[in-house]
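By convention in this document, chain letters (A, B, ...) are assigned in the order of the sequence lines, proteins followed by strands, and residues within each chain are numbered from 1.
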Amino acid sequence: MEANEHKSLNFIEQIIEEHNRTGRFGGRVHTRFPPEPNGYLHIGHAKSICLNFGLAQKYNGKCNLRYDDTNPSTEEIEYVEAIRNDVRWLGFQWDGEFYASDYFDQLYEWAEQLIRQGKAYVDDQSAEEIAATRGTPTVPGKESPYRNRSVEENLDLFRRMKAGEFEEGSRVLRAKIDMASPNMHMRDPVLYRIKKEPHHRTGTKWCIYPMYDFAHGLCDSIEGITHSICTLEFEVHRPLYDWLIEQLGIYHPQQIEFARLNLSYTVMSKRKLLELVEGGYVKGWDDPRLPTLSGLRRRGYTPAAIRHFADKIGVAKRDNLIDVSLLEFCIREDLNKNAPRTMAVLHPIKVVITNYPEGQTEMVSALINPEKPELGTRLVPFGREVYIERDDFMENPPKGYFRLTPGGEVRLKYAYIIQCQEVIKDETGKVTQLNCIYFPESKSGADTSGKRVKGTIHWVAVQEAAYAEVRLYDRLFTIADLSDIPEGKDWKDFINPHSLEVINNAIIEKSLLQAKPGDTWQFERLGYFCTDPDTSHEKPVFNRTVTLKDTWAKMQ
RNA sequence: UGACCGAUGGUGUAACUGGCAACACGUUUGAUUUUGGUUCAAAAGAGUCCUGGUUCGAGUCCAGGUCGGUCAGCCA
């Protein structure tokens, strides 16, 4: 596919190829995916994962998985395992699996080195005082009264911080840069803080922990990362990233920033996702309505579709809002080719074929997947009574409707053409049964009836029907752009109250009772569905991944 | 009256680095079809944020503006 097809380079590939030309990294490409283990991965992370691992593959390089675990108060082992599974599920294998905490000793040494160089100092101010003296983007900050302590005093204090002599919040280590810098991140940023909390990997060894800005670039340096790819909000951190590495005189990777993914009708921030989960708006991190990888997986999205999506959206620096219809296109494309077909009826009406012999059944032959005829056929039981979709019958059809109508004819897919002769209703006027006749010579594959019908509908034979729970999902929000909330409104005001519809007694073919969690299907004419982990032999449960395109529904 | 970044059809990304603005999604139309699916064919839709400059020629270079985003955690 990518063999001799010349695809233009994205801006990161252009930078890499420029580096390769000039020999800055000796032709090496080594990236890393650096999640913080404090939440689940979402499709925005998938963009970053595909980018980082994809670059490594493309340039014959390497990509590490590195947990950015510098804050023990929010991070948990549960998340590192979930992240590992998600990355693997997406289809990537990292070269090295590392943790920022692996490097705490080295990081500490470098902090002492900075102190010895007179480039860092221990500040006794409180967090509030530091905030108050940092200034604003337009007003310079004020230097700390502790800024000019001697190297010896700083070293002593920092070592005692490490030894646990001081309370949390009483002291921090700060870089000594420039309190008047127009870049807020250069105004003596905090490098280390005291946290008397056990860490999921280092236990109680440490009671001081490095800040992101201090740790990240230095970890990149240790691992020999060439291109440290991160999102746009870190752009203003880059001068600090570079400053630390230069002061220390160590190997210098290149940080490159790209625009994070935004998807229409959903939220992507960890904070909001967490709020949806904890507020009970959804049923967990793997709720199929969420853009988390675990949610998408449960919804029936495949790794290949997500990778293809990541490829199609491209990489650039401008803010973007990708239309979900592109994601839906990617999963339909995959499932159309790969999902076996079956028939299910979500909202049934019973059809009785009055001229079909009572007690008779027969097996009709159906394609497993018309996109892959080599997969062959399956046998579907047919009989005198079948269920059809309520939508596939209309008593007073509009122009252009070509399904079943009183006196009208349709084909029951893979079986016979039927004609509706009688409509039976209950006392409320609801249609409860259709009496039809069939044309024996119209059987699929052996049709000598000469009849032509416009419509073909799906069905399930009554005597072979089983029941299932089917969960229909819709977009989680009612507005496309969640970054643009009207004045006085909260983003949660736009949660779609109809994002989940549960059908308790959908009709399926009995053969589907064998379905295993994760199996994907196309329910003919309805959409793609995936067996949910909640499924059981007694009560199969299916999630609708996405509907089929429906040009008729669009016309209505 | 800060610093940094960005601006190309409805959406996203391109434009071989100064040479007829292309591709994908979406939309519309037609053909095929035993899924109103798929497939195939076609169309509409931007003259590249604005103003000026350089040039035979500017989306691309220069100057000035406008609009949008990010940054004031001992979060990442």
Counting the atoms with a prime plus P, OP1 and OP2 as sugar-phosphate, which does [X] contact under 4.0 Å by heavy atoms, base, sugar-phosphate, or nothing?
X	value
A:Tyr528	nothing
A:Glu371	base
A:Leu548	base
A:Tyr414	base
A:Arg238	nothing
A:Phe402	base
A:Val172	base
A:Glu36	sugar-phosphate
A:Leu526	nothing
A:His237	base
A:Gly445	base
A:Lys270	nothing
A:Pro35	nothing
A:Glu257	nothing

Is [X] near enough to [N] that one of its side-chain N or O atoms lies under 4.0 angstrom from OP1 or OP2?
X	N	answer
A:Thr74	B:A76	no
A:Arg134	B:C74	yes
A:Lys312	B:C23	no
A:Lys554	B:U27	yes
A:Arg318	B:U8	yes
A:Thr70	B:A76	yes
A:Arg271	B:C75	no
A:Arg187	B:C71	no

**Item:** Under 3.5 Å donor-acceptor pair, A:Arg341 side-chain atoms to B:U35 base atoms
**Value:** yes

**Request:** Spell out yes or no: do the side chain of A:Arg525 and the base of B:G36 have one donor N/O and one acceptor N/O closer than 3.5 Å?
**Result:** no

Write down the distance between [atom1] ([X]) and [atom2] ([N]), rounded to a whole number of angstrom.
X	N	atom1	atom2	answer
A:Asn183	B:G2	CG	P	15 Å
A:Leu232	B:A7	CG	C1'	13 Å
A:Tyr146	B:C74	OH	P	17 Å
A:Asp481	B:G68	CG	P	14 Å
A:Arg403	B:U35	CZ	P	13 Å

For the side chain of [X], counting heavy atoms from C-beta on, which of [options] is nearest?
X	options	answer
A:Pro182	B:G2, B:U35, B:G36	B:G2
A:Phe329	B:U38, B:G36, B:C25	B:C25
A:Lys549	B:G12, B:G37, B:C74	B:G37
A:Gln14	B:A15, B:C74, B:G12	B:A15
A:Met211	B:U38, B:A76, B:A14	B:A76
A:Met184	B:A15, B:G12, B:A72	B:A72
A:Thr551	B:C5, B:A76, B:G37	B:G37
A:Thr456	B:U35, B:A3, B:U38	B:U35
A:Tyr212	B:U38, B:G12, B:A76	B:A76
A:Arg411	B:U70, B:C5, B:U34	B:U34

When the [atom1] atoms of [M] and [N] are compared, how many Å lie between them, rounded to an integer?
N	M	atom1	value
B:U32	B:U48	P	42 Å
B:G10	B:U27	P	16 Å
B:C49	B:G6	P	14 Å
B:C62	B:U54	P	15 Å
B:G19	B:A15	P	11 Å
B:A3	B:G45	P	43 Å
B:G36	B:A42	P	25 Å
B:U70	B:A76	C1'	15 Å

Test: [X] and [Y] ion pair at under 4.0 Å:
X	Y	result
A:Arg378	A:Glu524	yes
A:Glu275	A:Lys272	no
A:Asp391	A:Arg403	no
A:Asp124	A:Arg149	yes
A:Glu333	A:Lys312	no

**Request:** Please name the pair of heavy atoms, one in A:Glu389 and one in A:Ala344, separated by the smallest distance, quoted to 0.1 Å.
**Result:** OE1-O, 3.8 Å

**Asked** Among A:Arg32, A:Gln255, A:His237, whose side chain to side chain donor-acceptor pair (under 3.5 Å) with A:His216 holds?
**Response** A:Arg32

**Check: A:Met184 and A:Val236 side chains under 4.5 Å, non-hydrogen atoms** = no

**Message:** Can you confirm if the aromatic rings of A:Tyr301 and A:Phe309 lie within a centre distance of less than 6.0 Å?
**Reply:** no

**Prompt:** Strictly under 6.0 Å, is that where the ring centroids of A:Phe234 and A:Tyr212 end up?
**Reply:** yes

**Prompt:** Under a 90° cut-off about 0 for the syn range, is B:G68 syn or anti?
**Reply:** anti

**Fill in**
salt bridge (Lys or Arg N to Asp or Glu O under 4.0 Å) pairs touching residues 172-184 of chain A, sequence neighbours excluded, are A:Asp123-A:Arg174

**Position toward the 5' end of RNA chain B (nearest nucleotide), A:Gln522 or A:Ile322** = A:Ile322

**Item:** Spacing of CD belonging to A:Glu441 relative to CD1 belonging to A:Ile417, to within rounding of 0.5 Å
**Value:** 8.5 Å

**Item:** Stems formed with participation of RNA chain B [Watson-Crick or G-U wobble, under 3.5 Å, three or more pairs]
**Value:** B:2-7 with B:66-71, B:10-13 with B:22-25, B:27-31 with B:39-43, B:49-53 with B:61-65

